[in-house]
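Here the structure comes first, spelled out in structure tokens, and everything after it is commentary.
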Amino acid sequence: MGRFIGFILFLCGLLLLVHPTVSLPLCSDSTAPSTLNSTLEFCPYKGSVCCNSTQDGNIQRQFEGMNISDPACSSLVKSIVCARCDPFSGDLYIVNSTPRSVPLLCNSTSENSPQSNQAATDFCSTVWDTCQNITIVNSPFAPSLQGRAGVPTNSSTSKLSDLWLSKTDFCNAFGGSSTEESVCFVGEPVSLNNTKLPSPPDGLCLEKIGNGSYLNMVAHPDGSNRAFFSNQAGKVWLATIPKMGSGGVLGLDESKPFVDLTDVVNLDTQFGMMGLAFHPNFAQNGSGSQPCQHQSVVAEYTVNGSASQPSLATTAKPTEVRRIITIGLPFTSRHAGQILFGEDGYLYFMMGDGGGQGGDPYNFSQNKKSLLGKIMRLDINNIPSSEDINKLDLWGNYSIPKDNPFVEDQGALPEIWAYGLRNPWRCSFDSERPSYFMCGDVGQDRFEEVNIISKGGNYGWSVYEGPLLFVPNSSPKESTPIDAINPIFPVMGYNHSSINKNTGSASITGGYFYRSNTDPCLYGRYLYADLYASAIWTGTETPKNSGNFTTNDIPFSCAPDSPIPCSSTPGSPLPALGYVFSFGEDNDKDIYILTSSGVYRFVPPSRCKYTCSLENVTTTVGSSSPTPSPPSRASRSTNSWSSLVLLLLLLFTCS
């Protein structure tokens, strides 16, 4: 017997971020840096910083209390304690998931490091040579040193030479390299190399492998060449994905769905089955009552599989066993509609501002006492008692992760991870760098955006639409002053006027960082599209790990040998994709486009006669086998698949 969770948006009487692992600008508490127009009073940082004036003053008092007599050593130590303000402090102070009392001091650099020019200095040796015999009261090096390198745990010494036997020992503890995926500290704000912007790919080559229209694709968590597809009407199918280059089509029988919830789904433009996700470790039971109109509901279901191993089941019949969360909705549009699990095991739930005639008339997105226009982060593995749920004033059967950003804020709901969003449509974690949590957010009239979501981030709506000030057509009932927020602006996006002007509208579909070897010239670029299939963009980060992106509108074609022939668009060189609903990613990291006309897969560019100089050198075909093979692929996952947990995001009408 497998288990799954259903996320349901009712229309009746009511309705994993892991700590940063690479050098994306993030502070040591996982929040995004803020912007200052002037230099801090004590620490030499301005612009993008991780300190405010209060924190800057605290660092100054800490430094002055060290009473360092030697000017040269004093200057070095000041730079070290001020590194807390560096926009890369999240990477400097957290190494291998372990917090540090001082930043990682550079002692070497790799050739591929984006910081290689700055990090060539052996700063760790410089610190030792300058400060080894200098007394430092309440030394920042002392807390993690007690009991190490032969020093007694009750030692009160504050000279480095008394704590460590040699420079080698000291730098083994505090030194480190600048690598392709991390930065180190050299006594000044982290600076990445100025790199030449790489040329965009010549084009994107697609093959059509299915005719069905689906909103969601999720790779089977057993690591096999299978994936789940769902449509807006309320059905989920389990499909076999053909091997790359085999000429095969999607193995999916629409007459035999894995789960059929069409009897309860309210199918309309803004309603239907909007998302699905898997949580392999969820094994709790419970129950809940049937709510009424205009509510958002997350519910747990039990799946009775026909196979002895749930991961091999090909059909299932859902029975609801527990409600997890219930949220009221004010209107019948802009509900967003996606749920994801981060590598931290927590559920991330994307919620729109609830709609209305225009703008956000009740200012839900900026109101931290509302869950609308937010990304929530919930722990559904640890369920409080009914008494605690009522005491904590929770919205259902879940608990709050202790490191959520507003846990201690009486003016905010603790479920919130990020806010100021309008209608986030398709988010993803980069499989190589989980700190890159990317979300497309649908605009109102002018701008479509892609954001890097960070802890506690405010993304500006409805004060801003993307980077542009938003002016509603009519005065909202509630609003937030411009000078009251410090918004995080999008890293990618496009103006409505830049796409097909005959369409007269736009709606972004967020995608993925491309991590397959099928098209090596696309590797590491972020893919996103517009609903109206008029363009597919790639976002290229330059310098790498900087959080700064350059975008290109890339031509795309359908391979002449596509297993299912592609239709053409009259008067356009582009294939007729229809509406681009979503992107998908399989267990080999190949990327798919789910459209109103079918399922398309990115294939080697040479099949469309596009040139990629890297293709012959690095391209490898997908290793998917034509039949399910969980044992051979299960080694990719550390989870034991004794149960199958599926979360569905639905909009339906109850009786």
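Residue pairs meeting the disulfide bond (SG atoms under 2.5 Å apart) criterion with at least one member in residues 394-434, sequence neighbours excluded: Cys427-Cys439. Applying the salt bridge (charged side-chain N to carboxylate O under 4.0 Å, His left out) definition to pairs two or more places apart or across chains, those involving residues 207-216 are Glu207-Arg601, Glu207-Arg607.
Atom NZ of Lys402 has 12 or fewer neighbouring heavy atoms from other residues, nucleotides or ligands inside a 6.0 Å radius.
Under the side-chain contact (heavy atoms from CB on, under 4.5 Å) criterion, Ile485 pairs with Gln366, Asn458, Val463, Tyr464, Thr480, Pro487, not counting sequence neighbours. For Ser53, the side-chain contact (heavy atoms from CB on, under 4.5 Å) test picks out no residue, with sequence neighbours left out. Ser89 is linked by a side-chain contact (heavy atoms from CB on, under 4.5 Å) to Cys27, Ser28, Cys50, Tyr93, counting only residues two or more places apart in sequence or in another chain. Contacts of Glu541 classified as salt bridge (charged side-chain N to carboxylate O under 4.0 Å, His left out), with partners at least two apart in sequence or in another chain: Arg433. For Asp409, the salt bridge (charged side-chain N to carboxylate O under 4.0 Å, His left out) test picks out Lys368, with sequence neighbours left out. The side-chain hydrogen bond (donor to acceptor under 3.5 Å, both in side chains) search around Tyr600 returns Ser597, not counting sequence neighbours. Here Trp425 pairs with nothing under the ring-ring contact (aromatic ring centres under 6.0 Å, His included) rule; sequence neighbours left out. Taking the side-chain contact (heavy atoms from CB on, under 4.5 Å) definition, one finds that Ile400 meets it with Leu394, Tyr398, Asn404, Val407, Pro414, Glu415, sequence neighbours left out. For Phe549, there are no ring-ring contact (aromatic ring centres under 6.0 Å, His included) partners, not counting sequence neighbours.
Cys pair Cys205 and Cys558 fails the test of SG atoms under 2.5 Å apart.
Looking only at atom types and distance, the side chain of Thr538 has no donor-acceptor partner in the side chain of Asn552 under 3.5 Å away.
By the 4.5 Å heavy-atom criterion applied to side chains, Pro405 and Thr31 are not counted as neighbours. In this structure the side chain of Val49 never reaches within 4.5 angstrom of the side chain of Pro33, judged on heavy atoms. No side-chain heavy atom of Ser213 sits less than 4.5 Å from a side-chain heavy atom of Tyr579.
Lys455 contributes a side-chain N or O that, together with a main-chain N or O of Asp403, makes up a donor-acceptor pair within less than 3.5 Å.
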Would you mind writing out the side-chain donor-acceptor pairs for residues 522-529 within the sub-3.5 Å range, not counting sequence neighbours?
from   : atom 1 : to     : atom 2 : distance (Å)
Tyr523 : OH     : Glu432 : OE1    : 3.4
Tyr523 : OH     : Glu432 : OE2    : 2.0
Arg525 : NE     : Cys521 : O      : 3.1
Arg525 : NH1    : Thr540 : OG1    : 2.7
Arg525 : NH2    : Ser199 : O      : 2.9
Tyr526 : OH     : Gly511 : N      : 2.9

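Ring pair Tyr214/Trp237: centre-to-centre distance below 6.0 Å.
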